[in-house]
J.: 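Please read through the structure below; I'll follow up with questions.
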Amino acid sequence: MFFIGVDLGTSAVKLLLMDENGKIEKIVSKEYPLYFPHPGWSEQKPEDWFAQSMAGIKELVSECDRTQVKGISFGGQMHGLVALDENDDVIRPAILWNDGRTGKQTDYLNNVIGKEKLSKYTANIAFAGFTAPKILWMKENEPENFARICKIMLPKDYLAYKLSGTFCTEYSDASGMLLLDVEHKCWSKEMLEICGITEEQLPKLYESWEPVGCLKQEIAEELDLPRDVRVIAGAGDNAAAAVGTATVGDGGCNISLGTSGTLFISSRTFGVDENNALHSFAHADGNYHLMGCMLSAASCNKWWMDEILKTTEYQEEQAGITKLGENTVFYLPYLMGERSPHNDPEARAAFIGMSMDTTREEMTQAVLEGVAFGLRDSLEVARSIGVDPKRTKICGGGAKSPLWRKIIANVMNMKVDIIESEEGPGYGAAILAAVGCGVYPSVEEAAKKLVKVVATEEPDAELVAKYEERYRKFRKFYPALKGLFC
């Protein structure tokens, strides 16, 4: 049996084919454009997601026994606003997770409606990237488009709808809309009223492993797949990545070094920190999780390498870095503003501490360390409420760097487990598909059976102490510069 995992990312859709024993048979990636129509805006065309996903699935199954493909599921970029009209046509390009246009609406939600009410209604406060502020922006700035809305959905759910015809979402991704009562797993009537929408405009809610339907006849024919291939609800990319790294059950931890960066802590119980600095979301295993999300992680290194150093030799640039914990150069990793824990869309990146003898290697090192320190900020919030994981899995493009893994282990003072498959969201999606098709009794059992740790980066006490001193200094820079960002 085969299962397809679809990782709908910001720059590309990555698809993988997994057998029932967790072996990855094939991986295909298809890119699509990202549009920036105004400074701070970020959009994509949902039609591009679907077209490239269909092309990717065809290529993915071209050499396998198609009759053995049993299920397909998704891990998708979160928070994006996809709006369809009564004819199921996309009304406007999707407004993405990293879009910063909703400052006014976010301020309204947090300061007029009030953070206390938002937390009561949804377990979270408003962030510029969340879906509810985007709906309010559309209502205020594009009233004609807003009036046409028949269906509101998230990016991966658009794929599920196109493949199965079912208007659906699931709890992990819905948690990031600021429309879901996360604790009770239902749409918040108060938030719907605030946004001026109805429950009929929102999808039916599922658990991540539940089947939402099967392939539509015309889709099955186009893909040359059986009509009874199950379409499984899936998960937001971070929850899917957590499944793909076996960060399930109680007390698991995963760090993702992708375009954005996340600290993800799974829990069997619902919880919220008093300042809502961390997101409190439902998890794809049926439980809950706390998550700190920084908007720029591996993208900081990509920006530094591609745009500033003008090189693609990432490993070569890191080869000369040897003085860990002793760098006098610091980097604030806020290229696109920041979510956790600062919730400041106006925050910007900065290098601090350079002198005439500062080297290229020190600045590269500062970028890697700045991302690690940013993730440490979220860990400190978790620790403040008694959640203190001692080890973590790691995934994402940045996780391929041994140096970055070592920095993470020592900045966090945590054991960092490296897993056999680094295909976090796509692999997690395939696992959800296998559970949804009945191969495994639960997400937790499937993940723990299929995900294998192949190595562990151990923190070094001496290096931990050095980084502790560096981190204490790092924490002073954002408050000092906050009033200067523009």
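Keep in mind that this is a model prediction, so the values were computed, not measured.
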J.: Could you pull out all residues at least two apart from Lys302 that satisfy side-chain contact (heavy atoms from CB on, under 4.5 Å)?
T.: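 Lys302 satisfies side-chain contact (heavy atoms from CB on, under 4.5 Å) with Asp306, Tyr314 only.
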J.: Can you measure from CD1 (Ile385) to CD1 (Ile265) and round to the nearest 0.5 angstrom?
T.: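 Rounded to the nearest 0.5 Å, the CD1-CD1 separation comes to 8.0 Å.
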J.: Could you walk me through whether Arg376 and Glu468 satisfy the salt bridge (charged side-chain N to carboxylate O under 4.0 Å, His left out) test, starting with their C-alpha distance in whole Å, then the side-chain angles of each, then the deciding distance to 0.1 Å, before giving a yes or no?
T.: CA-CA 10 Å; Arg376 170 76 183 269; Glu468 186 66 27; 2.9 Å; yes
J.: Any side-chain heavy-atom pair from Leu295 and Ser260 closer than 4.5 angstrom?
T.: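 Not touching, per the 4.5 Å side-chain cut-off.
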J.: Within the 4.5 Å heavy-atom criterion, are Phe74 and Leu154 side-chain neighbours or not?
T.: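 Not in contact.
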J.: With Asn343, which residues qualify under side-chain contact (heavy atoms from CB on, under 4.5 Å), at least two apart?
T.: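 Per chain and number, Asn343 pairs via side-chain contact (heavy atoms from CB on, under 4.5 Å) with Asn110, Ile125, Phe127.
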J.: Any ion pair linking Lys70 and Glu20 (charged N to carboxylate O, less than 4.0 Å)?
T.: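 Salt bridge between Glu20 and Lys70, a charged N being under 4.0 Å from a carboxylate O: no.
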J.: Quick one: are Lys156 and Val6 in side-chain contact, heavy atoms under 4.5 Å?
T.: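 No, every pair of side-chain atoms sits at 4.5 Å or beyond.
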J.: Quick one: are Glu170 and Val212 in side-chain contact, heavy atoms under 4.5 Å?
T.: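 Contact flag for Glu170/Val212 side chains = no.
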J.: Closest approach of Ser280 and Phe270, non-hydrogen atoms and distance?
T.: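 Residues Ser280 and Phe270, closest heavy atoms: OG-CE1, 3.6 Å.
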J.: Do any N or O atoms from the side chain of Ser299 and from the backbone of Thr259 form a donor-acceptor pair under 3.5 angstrom?
T.: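 Such a contact is found between Ser299 side chain and Thr259 backbone.
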J.: Please step through side chain to side chain contact (heavy atoms under 4.5 Å, CB included) for the pair Phe2 and Gln68, ending with a clear verdict.
T.: CA-CA 6 Å; Phe2 297 119; Gln68 291 302 302; 3.7 Å; yes
J.: Just so I know, are the side chains of Ile407 and Val371 near enough to count as touching, which here means a heavy-atom distance under 4.5 Å?
T.: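 SC-SC contact between Ile407 and Val371 ruled out.
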J.: Would a distance-only check, ignoring hydrogens and angles, find a side-chain to backbone donor-acceptor pair under 3.5 Å from Gln52 to Glu31?
T.: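 Answer holds: yes.
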J.: When the ring planes of His289 and Phe264 are compared, do they come out parallel, tilted or perpendicular, using 30° and 60° as the limits?
T.: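 Judged by the thresholds at 30° and 60°, the geometry between His289 and Phe264 is parallel.
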J.: Among Ile418, Asn410, Ile255, find the residue that satisfies the side chain to side chain contact (heavy atoms under 4.5 Å, CB included) test when tested with Arg405.
T.: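 So the option named by the test is Ile418.
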J.: Quick one: OG1 on Thr392 to CG on Asp417, what's the gap to the nearest 0.5 Å?
T.: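 Taking OG1 in Thr392 and CG in Asp417, the distance rounds to 8.0 Å.
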J.: Is the number of heavy atoms from other residues, nucleotides or ligands within 6.0 Å of NZ (Lys23) greater than 12?
T.: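 No, not enclosed.
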J.: Using a 3.5 Å distance criterion without hydrogens, assess whether the side chain of Asp460 forms a donor-acceptor pair with backbone atoms of Glu462.
T.: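 Side chain of Asp460 to backbone of Glu462: a pair is present.
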J.: Looking at Lys216, I'd like to know if its NZ atom is crowded, meaning that more than 12 non-hydrogen atoms belonging to other residues, nucleotides or ligands lie closer than 6.0 Å.
T.: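 Yes - once you tally the heavy atoms of other residues, nucleotides and ligands closer than 6.0 Å, there are more than 12.
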J.: Measuring from atom OG of Ser267 to atom NE2 of His283, what distance do you get when rounded to the nearest 0.5 angstrom?
T.: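 Here the rounded value is 10.0 Å.
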J.: Is any side-chain heavy atom of Ile394 closer than 4.5 Å to one of Trp404?
T.: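 Not touching, per the 4.5 Å side-chain cut-off.
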J.: Using atom types as modelled and distance alone, determine if a side-chain donor or acceptor of Asn413 lies under 3.5 Å from a backbone N or O of Val464.
T.: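 The answer is no, because no donor-acceptor pair under 3.5 Å joins these two groups.
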J.: Go through the steps to decide whether Leu432 and Phe3 satisfy the test side chain to side chain contact (heavy atoms under 4.5 Å, CB included), and finish with yes or no.
T.: CA-CA 9 Å; Leu432 291 173; Phe3 305 94; over 6 Å; no
J.: Shortest non-hydrogen contact from Ala409 to Pro459?
T.: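 Taking every non-hydrogen atom into account, O-CB, 3.6 Å.
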J.: Indicate yes or no: at least one non-hydrogen side-chain atom of Leu368 is less than 4.5 angstrom from one of Gln318.
T.: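 In short, these two side chains touch, coming nearer than 4.5 Å.
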J.: If a pair satisfies ring pair (Phe, Tyr, Trp, His ring centres under 6.0 Å) and one of its residues is in residues 208-263, list it, with sequence neighbours excluded.
T.: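 The answer is none; no pair qualifies.
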J.: Report the residues that fulfil side-chain contact (heavy atoms from CB on, under 4.5 Å) with Ala246, sequence neighbours left out, ordered by chain and then residue number.
T.: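 So Ala246 forms a side-chain contact (heavy atoms from CB on, under 4.5 Å) with Lys393, Ala447, Val451.
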J.: Can you measure from OG1 (Thr10) to CG (Leu96) and round to the nearest 0.5 angstrom?
T.: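 Here the rounded value is 6.5 Å.
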J.: Are any side-chain N or O atoms of Glu445 and backbone N or O atoms of Ser442, one a donor and one an acceptor, separated by less than 3.5 Å?
T.: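 No; judged by distance alone, with no hydrogens or angles, the pair does not exist.
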J.: Quick check against the 3.5 Å criterion: does Arg470 have a side-chain atom that pairs as donor or acceptor with the backbone of Asn327?
T.: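 Yes; at least one donor-acceptor contact below 3.5 Å.
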J.: Going by side-chain contact (heavy atoms from CB on, under 4.5 Å), name the residues that satisfy it together with Arg475, two or more places apart in sequence or in a different chain.
T.: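 Partners of Arg475 under the side-chain contact (heavy atoms from CB on, under 4.5 Å) test: Asp377, Glu380, Tyr471, Arg472.
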J.: Looking only at heavy atoms, which two atoms of Ser421 and Ile24 are closest? And how far apart?
T.: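 So the two residues come closest at OG-CD1, 3.4 Å.
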J.: Is Glu116 atom CD crowded by more than 12 heavy atoms from other residues, nucleotides or ligands, each under 6.0 Å away?
T.: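 Atom CD in Glu116 is not crowded, with 12 or fewer foreign heavy atoms closer than 6.0 Å.
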J.: Could you tell me whether a side-chain N or O of Tyr427 sits under 3.5 Å from a main-chain N or O of Gly22, the two making a donor and an acceptor?
T.: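 Confirmed, Tyr427 side chain pairs with Gly22 backbone.
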J.: How about NZ on Lys26, more than 12 heavy atoms from neighbouring residues, nucleotides or ligands closer than 6.0 Å, or not?
T.: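 Yes, NZ of Lys26 has more than 12 neighbouring heavy atoms, counting only those of other groups under 6.0 Å.
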J.: Would you say CD of Gln217 has more than 12 non-hydrogen atoms from neighbouring residues, nucleotides or ligands within 6.0 angstrom?
T.: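 Yes, enclosed.
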J.: Dump the intermediate steps for side chain to side chain contact (heavy atoms under 4.5 Å, CB included) on Leu17 and Cys64, then the final yes or no.
T.: CA-CA 9 Å; Leu17 190 68; Cys64 77; 3.9 Å; yes
J.: Is the charged tip of Lys185 near the ring of Tyr288: under 6.0 Å from the six-membered ring centre and within 45° of its axis?
T.: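 Lys185 over Tyr288 ring: yes.
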J.: Salt bridge check: are Lys134 and Asp99 linked by an N-O gap of less than 4.0 Å?
T.: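 Looking at Asp99 together with Lys134, the answer is no, because their closest N to O distance does not fall below 4.0 Å.
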J.: Phe373 vs Phe474 aromatic rings, parallel, tilted or perpendicular, using cut-offs 30° and 60°?
T.: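 Phe373 vs Phe474 ring planes: tilted.
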J.: Can you find a heavy atom in the side chain of Leu215 that is under 4.5 Å from one in the side chain of Val231?
T.: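 Yes, at least one pair of side-chain atoms sits under 4.5 Å.
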J.: If you round to the nearest 0.5 Å, how far is CG of Leu375 from CG of Leu257?
T.: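 The CG atom of Leu375 is 6.5 Å from CG of Leu257, to the nearest 0.5 Å.
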J.: Is it true that a side-chain atom of Gln77 and a backbone atom of Asp237 form a donor plus acceptor pair closer than 3.5 Å?
T.: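 Judged by distance alone, no pair lies under 3.5 Å.
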J.: Between Ser53 (side chain only) and Trp49 (backbone N and O only), is there a donor and an acceptor less than 3.5 Å apart?
T.: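 At least one qualifying donor-acceptor pair exists.
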J.: Answer yes or no: are there more than 12 heavy-atom neighbours, outside Lys400 itself, under 6.0 Å from its atom NZ?
T.: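 More than 12 within 6.0 Å, yes.
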J.: Do Ser188 side-chain atoms and Thr122 backbone N/O form a donor-acceptor pair below 3.5 Å?
T.: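 Not a single qualifying donor-acceptor pair exists.
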J.: Measure across Cys253 and Met414 and return the closest heavy-atom pair with its distance rounded to 0.1 Å.
T.: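 Closest heavy-atom pair between Cys253 and Met414: SG-CE, 3.9 Å.
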J.: Can you pull out every salt bridge (charged side-chain N to carboxylate O under 4.0 Å, His left out) where at least one residue sits in residues 252-270? Sequence neighbours excluded, please.
T.: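 Applying salt bridge (charged side-chain N to carboxylate O under 4.0 Å, His left out) to every pair that reaches into residues 252-270, excluding sequence neighbours, yields Arg268-Glu444.
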J.: Considering non-hydrogen atoms only, spot the tightest contact between Pro46 and Tyr158 and give its length.
T.: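 Heavy atoms of Pro46 and Tyr158 come nearest at O-CE2, 3.3 Å.
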J.: Classify the ring geometry of His279 against His79: parallel below 30°, tilted from 30° to 60°, perpendicular beyond 60°.
T.: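 His279 vs His79 ring planes: perpendicular.
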J.: Return the minimal non-hydrogen interatomic distance between Ile219 and Lys162, and the atom names on each side.
T.: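 The pair with the smallest heavy-atom distance is CG1-O, 3.7 Å.
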J.: Looking at Phe167, is Lys151 sitting on its ring face, NZ or CZ under 6.0 Å from the six-membered ring centre and within 45 degrees of the normal?
T.: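 Here Lys151 passes the 6.0 Å and 45° test against Phe167.
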J.: Nearest 0.5 angstrom please: Leu335 CG to Cys300 SG, how far?
T.: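 SG of Cys300 is found 4.5 Å from CG of Leu335.
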